[in-house]
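Inspection log for the structure reproduced underneath, given as structure tokens.
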Amino acid sequence: MSEKKFNVAVAGATGAVGNQMITCLEERNFPVKSIKLLASSRSVGRKLRFKGDLVEVEELKENSFRGVDIALFSAGGGISKKFAPIAAKDGCVVVDNSSAWRMDPEVPLVVPEVNPHAVAQYTNKGIIANPNCSTIQMVVSIDPIYRKCGIKRIVVSTYQAVSGTGKKAIDELFDQTRSMINFIDCTINVYPHRIAFNCLPHIDVFLDNGYTKEEMKMVDETRKILEDDNIGITATTVRVPVFFGHSESINIETRKHITANEVKSLLEKAPGIKVVDDPEKNIYPLAIDAAGQDLTLVGRIREDESIQNGINMWVVADNIRKGAATNTVQIAEILAKEYL
Ligand code: 25A
Ligand code: L14
């Protein structure tokens with residue numbers, strides 16, 4: 001690896017994901033020459049720590065990206081739509097965590113364990129998109145199976161943590177839980193219904209086909225990352241009262257037959273995955289174990305006895321880390337090492 005260091009900016013630095021991006025840059029020892037922390041005017045003057053130094057948050061503006069080499073964005077789709085092209089024009093490469101650019105055919109959509117080669121397409125627009133959190137952990141876990149046997153169809157249901165929505169949703173679950181156990185009326189602000197002690201089959205907005213946008217992201221993004229439009233995918237995405245860590249029940253119909261044991265040994269060797277599967281000892285992936293680390297945990301691996309070539313598994317990852325910040329920084333690492 002070259003000794004080169006980079007001027008880095010984080011847009012949306014004060015949010016749940018932006019904050020974690022800063023930590024990931026630190027933890028992974030990303031070659032940072034200088035760091036710029038950007039957010040809305042609300043956060044100007046707040047100080048955040050990077051490698052022991054206090055760095056003041058600046059307002060994100062059109063001229064914020066002059067002299068910046070790599071910008072990590074997580075300030076919402078609207079901000080990304082407007083400012084990513086401005087940053088790119090100033091010669092900066094944007095790795096964007098919002099949904100704004102993911103399905104743009106000119107913008108690569110990258111999960112480093114699966115399609116690192118796609119990073120090369122950053123030259124098209126100067127933008128690389130980070131997939132949706134639920135998509136990332138799913139493709140990490142199915143890709144080794146896909147390569148070995150092919151996949152005809154996927155049926156996935158998610159159990160998603162509130163932290164995906166940001167800090168306000170974390171606070172809401174906390175406040176509602178406290179109200180409930182004290183027999184006080186709950187306030188409902190973030191989601192259309194109470195999330196404490198409840199499950200909501202509703203993430204992001206509803207579309208004309210009756211699915212939510214989150215569900216269709218899992219369909220469209222998975223096909224784009226695997227470069228295969230022939231995979232049938234159907235998703236149901238559900239919000240559950242968990243702070244950190246998304247869980248997914250994934251049913252796969254493969255093209256060639258594979259046994260549960262073969263899947264297990266395949267995934268044991270795969271990058272970014274930890275097989276956690278010893279049901280007799282009550283060992284299987286849990287959100288509380290996935291939270292705070294970067295691996296995708298896979299367990300409950302078993303054959304679907306209702307079809308010829310079917311596998312079921314339970315897949316859990318930290319939605320703020322591997323689902324967002326870690327994956328973004330991993331993409332930046334490929335850029336830094338191989339392209340810039
Ligand atoms: O477009 P998408 O893809 O749908 O994404 C929408 C949101 O989802 C989160 C992320 O929220 C994103 O904004 N997200 C996206 N991808 C995700 C993923 N894969 C994901 N979450 C999980 N997994 P977030 O909370 O993590 O980050 C929000 C950040 O964006 C900054 N921001 C907002 N508007 C901005 C802006 N930055 C620049 N210009 C703008 N116009 C935001 O900074 C935050 O860093 P901030 O300064 O607005 O907020 C800092 C703190 O202020 C509090 N606060 C927020 N809103 C208000 C507020 N206080 C008062 N009034 C408000 N309206 C909060 O405490 C916040 O932490
Ligand atoms: O990245 O959990 O598309 O509310 C948008 C909604 C991330 C999570 C994305 C949520 C998301 C999110």
Side-chain angles (χ1 to χ4, degrees), residues 10-12 15-21 24 72-81 84 94-104 107-111 127-140 156-174 176 188-196 198-207 211-225 233 235-248 287 290-291 316-331:
V10 177
V17 174
N19 240 295
Q20 184 61 48
M21 284 172 169
C24 284
L72 311 180
F73 271 60
S74 191
I79 296 294
S80 294
K81 257 248 120 73
V94 173
V95 189
D96 180 38
N97 182 51
S98 81
S99 51
W101 297 97
R102 290 177 188 152
M103 294 314 295
D104 184 317
V107 173
L109 183 65
V110 179
V111 177
I127 304 171
I128 303 174
N130 194 67
N132 172 264
C133 36
S134 302
T135 307
I136 293 176
Q137 68 184 74
M138 180 163 85
V139 296
V140 166
V156 56
S157 301
T158 69
Y159 304 67
Q160 298 186 215
V162 296
S163 53
T165 318
K167 196 179 167 299
K168 58 192 183 306
I170 298 174
D171 293 343
E172 178 137 313
L173 174 57
F174 186 84
Q176 287 181 352
I188 295 168
N189 286 317
V190 177
Y191 300 120
H193 308 279
R194 195 183 84 208
I195 183 60
N198 203 6
C199 298
L200 311 178
H202 176 185
I203 296 182
D204 210 332
V205 295
F206 280 101
L207 304 173
Y211 286 82
T212 62
K213 196 171 162 203
E214 186 80 352
E215 288 160 350
M216 294 316 294
K217 285 179 227 169
M218 293 191 78
V219 175
D220 299 333
E221 294 178 18
T222 300
R223 288 179 173 157
K224 178 167 174 176
I225 296 162
I233 306 171
T236 304
T237 58
V238 181
R239 184 84 59 195
V240 296
V242 167
F243 286 106
F244 295 97
H246 288 359
S247 304
E248 297 179 353
V316 187
D318 186 321
N319 55 303
I320 299 297
R321 294 183 74 116
K322 184 57 187 166
T326 305
N327 201 74
T328 304
V329 174
Q330 282 177 302
I331 294 170

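Hydrogens, waters and symmetry mates are skipped; everything else that's a heavy atom, side chains included, is used. Just so you know, ligand 1 is whichever comes first in the structure, and atom 1 is the first atom listed for that ligand.
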**Prompt:** Looking only at N/O atoms, are Thr165 and ligand 2 under 3.5 Å apart anywhere?
**Reply:**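 Min N/O separation from ligand 2 is below 3.5 Å for Thr165.
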**Message:** Less than 4.0 Å is my threshold; does some heavy atom of Arg102 fall inside it relative to ligand 2?
**Reply:**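 Within the 4.0 Å threshold, so yes.
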**Item:** Non-neighbouring partners of Asp220 that pass side chain to side chain contact (heavy atoms under 4.5 Å, CB included), sequence neighbours left out
**Value:**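 If we apply the side chain to side chain contact (heavy atoms under 4.5 Å, CB included) test to Asp220, skipping adjacent residues, the hits are Met103, Met216.
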**Any residue meeting side chain to side chain contact (heavy atoms under 4.5 Å, CB included) with Phe243, in chain and number order, not counting sequence neighbours** =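 Checked Phe243 against side chain to side chain contact (heavy atoms under 4.5 Å, CB included); matches are Val162, Ile170, Leu173, Phe174.
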**Side chain Glu172, main chain Asn189, donor-acceptor under 3.5 Å** =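 Yes.
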**Asked** Taking side chain as C-beta onward, heavy atoms only, is Ser98 less than 4.5 Å from Phe73?
**Response**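 No - every pair of side-chain heavy atoms lies 4.5 Å or more apart.
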**Nearest-option assignment for atom 10 (C) of ligand 2, heavy atoms, candidates Gln160, Arg239, Glu214** =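 Closest candidate by heavy-atom distance is Arg239.
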**Sub-4.0 Å atoms of ligand 2 with respect to non-hydrogen atoms of Lys217** =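 With Lys217 as reference, the close atoms of ligand 2 come out as 3 (O), 5 (C), 9 (C), 11 (C).
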